[in-house]
Engineer: 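Pasting a structure below so you can have a look.
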Amino acid sequence: MPAFLQIVAKDLLQKFGHDLSQIVVVFPNKRASLFLNDYLSVDASQPIWAPRYITINELFRSLGDTQINGPIDTICRVHQHYMQATGDMVSLDNFYGWAERLLSDFDDVDKNMADASALFQNIRDLRELERTDYLTEEQTEVLKRFFKEFNPEHQSEIRERFSRLWNALLPIYEQLNVELAAEGLAYEGAAFRRTVERLKSGAVTPPAHVDKYVFVGFNVLDRVEWQLFSQLQQMEKALFYWDYDKYYLPSEKERFLSDDDRQLTPEERRFSQLLWEDAEAGLFLRQNLQQFPNALSEEHFDNLRHIQYIEMVAASTETMQVQSVSPWLKENLTPDAKRTAVVLCNESLLQPLLHTLPFNVEEVNVTKGFPLNHTAAATLVERELGKMERQAQAPSTVESLRSLVKAVETTAQALVVKSDFDNERFEHILQSEAYAQMNALLNRLLLIAESGRLMVNPTTLRRIVRQIVRQSVIPFAGEPAVGLQVMGVLETRCLDFDHIIMLSVNEGVLPQKSSDNSFIPYLLRKAFGLTTPERKTAVYAYYFYRLIQRAKRLRLLYNSSSEGIVDGEKSRFLTQLMVESQLPIQHIALSSDPASLHDTPQPVEKPADLIELLKINHKKEKKEHVSLSPSDINSYLRCQLRFYYERVLRIQQPKPSEDEVQPNTLGTIFHTAAELIYTNLLEQRGGKGDSDYFKHLVAHPLLLQGYIREAIEKENVKCTPLLLNIIEIFLQSLLEHDAKYPDFRIKALESYQSMWLNLPSSAPISQVAIGGIIDRLDTIIHQGQEFLRIVDYKTGGKVEESKDLDELFTTRGAKQKHYMLQTFIYAAILEDEFERQQKGNSVPHLPTELSRLPIAPSLFFVHRLRKKDYSPYLQVDKEEVLDFQARFPEFRERLGELVAEILNPALPFEPNTKEMQMCNTCPYYSLCYQ
């Protein structure tokens with residue numbers, strides 16, 4: 001059956017002939033224009049003048065007289081107006097999340113042309129709020145129900161806070177718009193609203209050379225879009241092409257149980273009417289078709305019931321879904337590959353998917369582009385921001401951004417001047433584009449900071465940069481209308497495919513979970529015609545049914561696991577198809593045995609430029625060096641292929657959603673809270689702690705809870721009440737343990753330490769840098785002697801022992817002693833520093849002046865600290881290592897041999913295939929088992 005855009009192309013040629021130069025085709029997104037152009041060229045019997053293609057947002061901007069202001073700058077302005085309206089001198093760091101929410105509400109108000117004054121007025125002034133001359137009967141009834149519940153005579157503290165905030169909304173909204181308008185600026189919603197109002201008043205008219213604006217493939221319309229359509233329709237300058245199917249949008253006759261209405265009882269007719277009205281997918285199209293008639297006849301829209309074959313596939317993991325794509329494509333890739341689509345409801349699966357495509361896929365078009373946060377440029381910026389956070393004296397926002405811009409430009413310059421840089425090699429082009437895009441992004445932020453509107457601490461700046469980078473992609477160049485189409489759900493609008501495979505068709509993913517992230521209560525949003533969760537669900541229902549309605553073969557996969565935070569529930573849309581459609585559906589469950597489905601991982605030859613790939617820029621020496629961290633070395637010992645993907649190729653793991661409680665949240669908050677406690681000890685008491693000090697903290701839970709709340713805010717993570725209790729208990733255990741030492745002194749916290757490790761003569765280079773962040777350095781008196789302890793906190797795991805140092809390097813896989821090795825590497829770094837200082841070969845770089853003391857590597861398993869027989873000191877051959885100096889020469893030699901092995905070009909990176917349980921939980925599983 002012909003695709004929707006193919007039908008549109010044919011109709012346009014019939015209506016306007018081969019000269020479409022005075023036609024402007026307006027789409028919801030850019031992707032569809034490429035396919036329509038392709039269909040026009042195929043259907044044309046002679047050369048044609050192509051129409052102009054724009055998106056709806058571009059149309060608004062072309063008709064408007066204001067420039068759209070960037071969201072970051074607008075958020076900073078919202079903060080300033082909030083302080084002016086309320087007198088609350090809250091910092092931008094603490095207010096940034098609220099400002100985002102306020103701006104989103106303002107944008108929604110303007111795009112739906114709501115009466116902002118009526119909406120934002122004081123909720124205590126019921127008489128004024130009950131003015132309903134501007135509302136429909138339905139909206140009036142909703143407001144009455146709302147204010148019946150919101151009785152100002154019985155307000156709780158929450159309602160009082162809500163009331164105070166509500167008082168400030170209108171002044172903020174009005175002052176923000178006045179300020180922006182004075183500079184010829186507006187945020188998107190305000191700009192679109194102004195454009196419609198000027199169009200209605202006649203202050204602006206469409207260009208004379210445009211005969212028709214052709215609107216193709218729209219569904220839900222904001223009020224500004226509805227008004228724009230209406231104005232152009234009145235000017236006879238609009239033509240509308242709506243896409244739907246009779247399955248979810250039957251005609252007037254078809255919406256009843258029988259063609260003969262007289263055979264139905266009143267109850268049956270009412271029930272049938274409700275079914276028709278409640279069909280989510282067609283909710284908005286019913287209104288649109290009535291107001292803006294379709295240019296196409298109904299005969300083109302009876303397709304969904306003709307789908308030939310549907311598979312609903314249950315898989316126990318996201319990884320398993322990705323792995324099943326390859327065998328499906330081997331059998332189902334259409335001869336014209338662009339007629340096959342892989343649709344990712346969970347777009348974080350893009351990278352593993354690209355590594356699993358079969359050989360019969362010769363060309364791929366990825367509509368999303370390459371995520372900027374998966375590039376070396378993002379890694380560089382993240383690392384630099386991390387260093388800024390750890391500085392004792394935090395730099396200003398301007399200083400931070402200038403430093404980041406310089407780091408990006410320096411690294412980019414070093415990349416392009418390398419002798420092996422090839423501007424036709426994909427990975428080199430990708431890297432250079434990533435640095436260019438990152439540089440532009442940081443410079444935009446720098447301009448805002450230099451204006452004085454963006455002044456935040458490094459932690460908040462890091463959060464802002466992360467958010468922008470996460471939303472940025474590097475577009476791929478090429479022929480988009482050729483090859484297998486890989487896309488997210490939004491990119492499928494207007495497009496049709498013969499064969500479709502959709503991944504992660506789960507409830508909460510499709511449709512997405514509705515979040516009430518707004519200062520405007522639900523009932524008021526509904527009363528004033530703003531966006532509601534029901535509206536969002538209806539939009540995704542339309543996306544789903546519209547996508548599948550012309551397909552011949554469908555494979556719909558969902559995660560069936562009910563472990564952890566995954567509920568394993570298939571999307572409601574799948575259930576609807578099963579119950580209502582009567583289509584041929586086959587149910588399949590993928591085997592949970594990965595070994596039975598996939599090939600065995602193979603060794604990977606070390607790349608010729610391995611040394612270059614392992615280099616990291618060192619500011620002090622102003623040049624790059626091969627640098628490894630203890631985590632890198634542990635990764636290699638556990639699985640060499642994981643080290644290859646993680647450290648050599650630098651393939652980043654998908655970042656978790658900020659709305660979810662992550663498994664490492666407990667450790668993150670504990671580490672940060674402990675750092676805050678001991679930082680205060682350093683600043684207030686010079687690092688000296690005694691029994692009374694620690695016992696005072698333990699005896700006052702509110703003090704500890706204050707540190708925990710500060711840590712949660714600093715890390716910007718979600719935390720459950722249960723986790724908070726556990727963290728408080730762990731902190732008490734830590735403080736009780738430290739209270740045992742009357743001469744306890746903190747020397748450094750979260751300090752980065754490194755050393756130069758000499759390698760054997762057989763290695764390809766003479767030395768590498770080894771370094772990492774030590775949780776804490778302290779000194780204590782133990783058994784009558786003073787020791788310098790290297791302390792590493794662990795909130796989980798088992799205590800490790802070793803019969804000798806050699807076992808740390810020979811034990812590999814899941815049983816590898818990563819805790820001990822990491823802590824011993826830190827000890828080796830300090831021993832190396834002391835050794836070089838003693839020889840006069842080094843300027844001291846430790847964070848505090850430390851005399852030569854015996855170094856005692858210590859692992860604080862905080863969940864075990866209260867055990868009477870627990871000792872934090874590491875044991876080798878059942879003897880506590882209280883002075884690492886004696887073991888340092890042997891350890892340094894063995895570490896050098898291991899690094900030489902890592903760099904040896906003759907040895908490939910070997911997979912660990914003996915421990916499948918470790919493979920099953922590895923984030924790079926799909927890259928090995930293709």
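In this chain, numbering begins with 1 at the start of the sequence shown. Reckoned from all heavy atoms, side chains included, excluding hydrogens, waters and symmetry mates.
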Engineer: Assess, by modelled atom type and distance only, whether the side chains of Asn69 and Thr74 contain a donor and an acceptor separated by less than 3.5 Å.
Structural biologist: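 Thr74 and Asn69 do have a side-chain donor-acceptor pair below 3.5 Å.
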Engineer: Would you please say whether a donor-acceptor pair under 3.5 Å links the side chains of Glu318 and Asn346?
Structural biologist: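 Yes, side-chain donor-acceptor contact under 3.5 Å.
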Engineer: Tell me which donor-acceptor pairs under 3.5 Å the side chains of residues 205-213 have, and how far apart each pair is, sequence neighbours excluded?
Structural biologist:
from	atom 1	to	atom 2	distance (Å)
Lys212	NZ	Glu236	O	3.0

Engineer: Looking only at the side chains, is there a donor atom on one of Gln549 and Tyr244 sitting less than 3.5 Å from an acceptor on the other?
Structural biologist: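 The answer is no; no qualifying pair exists.
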Engineer: Below 6.0 angstrom between ring centroids: does that apply to Tyr542 and Phe284?
Structural biologist: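 Centroid distance Tyr542-Phe284: not below 6.0 Å, so no.
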Engineer: With a 4.0 Å cut-off on N to O distance, would you call Arg535 and Asp222 a salt bridge?
Structural biologist: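 Looking at Arg535 and Asp222, the cut-off is met.
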Engineer: Test of understanding: with ring-ring contact (aromatic ring centres under 6.0 Å, His included), list the residues that count as partners of Tyr540, not counting sequence neighbours.
Structural biologist: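 By the ring-ring contact (aromatic ring centres under 6.0 Å, His included) rule, Tyr540 matches Tyr543.
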Engineer: Among Lys570, Gln512, Arg572, which residue meets the side chain to side chain donor-acceptor pair (under 3.5 Å) test with Glu507?
Structural biologist: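 Result: among Lys570, Gln512, Arg572, Arg572 is the only option passing the side chain to side chain donor-acceptor pair (under 3.5 Å) with Glu507.
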Engineer: Check the side chains of Glu100 and Gln467 for a donor-acceptor pair under 3.5 angstrom, ignoring hydrogens and angles.
Structural biologist: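 Indeed, the side chains of Gln467 and Glu100 share at least one donor-acceptor pair under 3.5 Å.
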Engineer: Are any of the side-chain nitrogens in Arg546 or Asp243 under 4.0 Å away from the carboxylate oxygens of its partner?
Structural biologist: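 Salt bridge: yes.
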Engineer: Where do Tyr39 and Ala9 come nearest, in terms of heavy atoms and distance?
Structural biologist: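 Looking at all heavy atoms of both residues, the closest pair is CB-CB, 3.8 Å.
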Engineer: Ignoring hydrogens and angles, state whether a donor on the side chain of Tyr53 or Asn37 is under 3.5 Å from an acceptor on the partner side chain.
Structural biologist: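 Judged by distance alone, the side chains do pair up.
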Engineer: For the pair Asp110 and Arg223, find out whether any cationic side-chain nitrogen is under 4.0 Å from an anionic carboxylate oxygen.
Structural biologist: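 Salt bridge flag = no for Arg223 with Asp110.
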Engineer: State, without any angle test, whether Ser21 and Asp19 hold a side-chain donor-acceptor pair at a distance under 3.5 Å.
Structural biologist: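 Side chains of Ser21 and Asp19: pair found under 3.5 Å.
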Engineer: Between the side chains of Ser326 and Thr356, does any donor sit under 3.5 Å from an acceptor?
Structural biologist: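 No donor-acceptor contact under 3.5 Å links the two side chains.
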Engineer: Under 3.5 Å, sequence neighbours excluded: what are the donor-acceptor pairs made by side chains of residues 56-66?
Structural biologist:
from	atom 1	to	atom 2	distance (Å)
Glu58	OE1	Thr55	N	2.9
Ser62	OG	Glu58	O	3.4
Ser62	OG	Leu59	O	2.7
Asp65	OD1	Arg194	NE	2.8
Asp65	OD2	Arg194	NE	3.3
Asp65	OD2	Arg194	NH2	2.6

Engineer: Using a strict threshold of under 4.0 Å (side-chain N to carboxylate O), is an ion pair present between Lys15 and Asp11?
Structural biologist: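 Yes, this pair counts.
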Engineer: For the backbone of Gly189 and the side chain of Asp107, can you confirm whether one donor and one acceptor N or O come within less than 3.5 Å of each other?
Structural biologist: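 Yes: the side chain of Asp107 pairs with the backbone of Gly189.
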